[in-house]
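Counting begins at 1 with the first residue of the sequence.
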Amino acid sequence: QVQLVESGGGSVRAGGSLTLSCVASGSTSTMSGMGWYRKAPFKVRELVAAVTNDGRTTYGDSVKGRFTVYRDSAKNTVYLHMTSLKPEDTATYYCHAPYKWGGMDYWGKGALVTVSS
């Protein structure tokens with residue numbers, strides 16, 4: 001089992017920056033990567049950013065060029081550095097880790113990010 005705990009959420013002004021952290025514990029060797037999804041009210045869940053165990057990164061189109069995901073494998077921690085934040089970035093951000101052999105997903109409880117205009 002893997003536990004994911006997010007931190008760093010909060011409220012910022014448009015144009016500001018914020019960094020989220022997610023620490024994984026437990027059976028971390030069963031993870032094939034780590035990343036972030038977000039969910040805003042009345043909108044579909046969307047991929048924000050992710051990094052695989054071999055270092056490949058993926059970004060959602062809406063955040064490309066503004067957000068950066070990076071992982072410290074030694075600390076079992078993934079970070080999401082967000083810049084040039086927009087009100088439409090307001091959402092609950094969930095740390096995510098796919099199960100290495102499929103059929104399972106690990107999820108954090110979420111961190112709320114609000115961006116005011």
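- Between the side chain of N53 and the backbone N or O of G33 there is at least one donor-acceptor pair closer than 3.5 Å.
- With sequence neighbours excluded, no residue forms a salt bridge (Lys or Arg N to Asp or Glu O under 4.0 Å) with K43.
- Here D54 pairs with T52, R56 under the side-chain contact (heavy atoms from CB on, under 4.5 Å) rule; sequence neighbours left out.
- Counting heavy atoms from C-beta on, the side chains of Y106 and Q1 come closer than 4.5 Å.
- What you find for S29 and K100 is that their closest heavy atoms are O-NZ, 2.8 Å.
- A distance of 11.5 Å separates CZ in R38 from OG1 in T92, rounded to the nearest 0.5 Å.
- Within the structure, no pair that satisfies the disulfide (SG to SG under 2.5 Å) test touches residues 32-65, not counting sequence neighbours.
- Using a cut-off of 4.0 Å between Lys/Arg side-chain N and Asp/Glu carboxylate O, E6 and K109 are scored as not salt-bridged.
- Every residue two or more places apart in sequence or in another chain that forms a side-chain contact (heavy atoms from CB on, under 4.5 Å) with A24 is listed here: V2, L4, T28, M31, M34, N76.
- With hydrophobic clusters built from ILVMFWY side chains whose heavy atoms lie under 4.5 angstrom apart, V63 shares a cluster with V51.
- Under the salt bridge (Lys or Arg N to Asp or Glu O under 4.0 Å) criterion, R66 pairs with D89, sequence neighbours left out.
- With sequence neighbours excluded, the residues forming a side-chain contact (heavy atoms from CB on, under 4.5 Å) with V113 are L18, L20, M82, Y93, V115, listed by chain and number.
- Listed by chain and residue number, nothing satisfies the salt bridge (Lys or Arg N to Asp or Glu O under 4.0 Å) test with E88 (two or more places apart in sequence, or in another chain).
- Residues V23 and L80 fall into different hydrophobic clusters, defined by Ile, Leu, Val, Met, Phe, Trp and Tyr side chains chained together at heavy-atom separations under 4.5 Å.
- Among residues at least two apart or in separate chains, side chain to side chain donor-acceptor pair (under 3.5 Å) pairs with a member in residues 8-20 are S11-T114, T19-H81.
- Residues Y70 make up the rest of the hydrophobic cluster containing Y79, defined by ILVMFWY side-chain heavy atoms closer than 4.5 Å, directly or through other members.
- The disulfide (SG to SG under 2.5 Å) analysis of residues 20-111, with sequence neighbours excluded, yields the pairs C22-C95.
- L85 and L47 fall into different hydrophobic clusters, where Ile, Leu, Val, Met, Phe, Trp and Tyr side chains are chained together by heavy-atom contacts under 4.5 Å.
- The stretch residues 12-65 participates, sequence neighbours left out, in these ring-ring contact (aromatic ring centres under 6.0 Å, His included) pairs: Y37-H96, Y37-W107.
- Atom OG1 in T90 sits 8.0 Å away from atom CG in L112 (nearest 0.5 Å).
- Apart from V5 itself, the hydrophobic cluster it occupies contains nothing, where clustering links Ile, Leu, Val, Met, Phe, Trp and Tyr at side-chain heavy-atom distances under 4.5 Å.
- Atom CZ in F67 sits 7.5 Å away from atom OG1 in T83 (nearest 0.5 Å).
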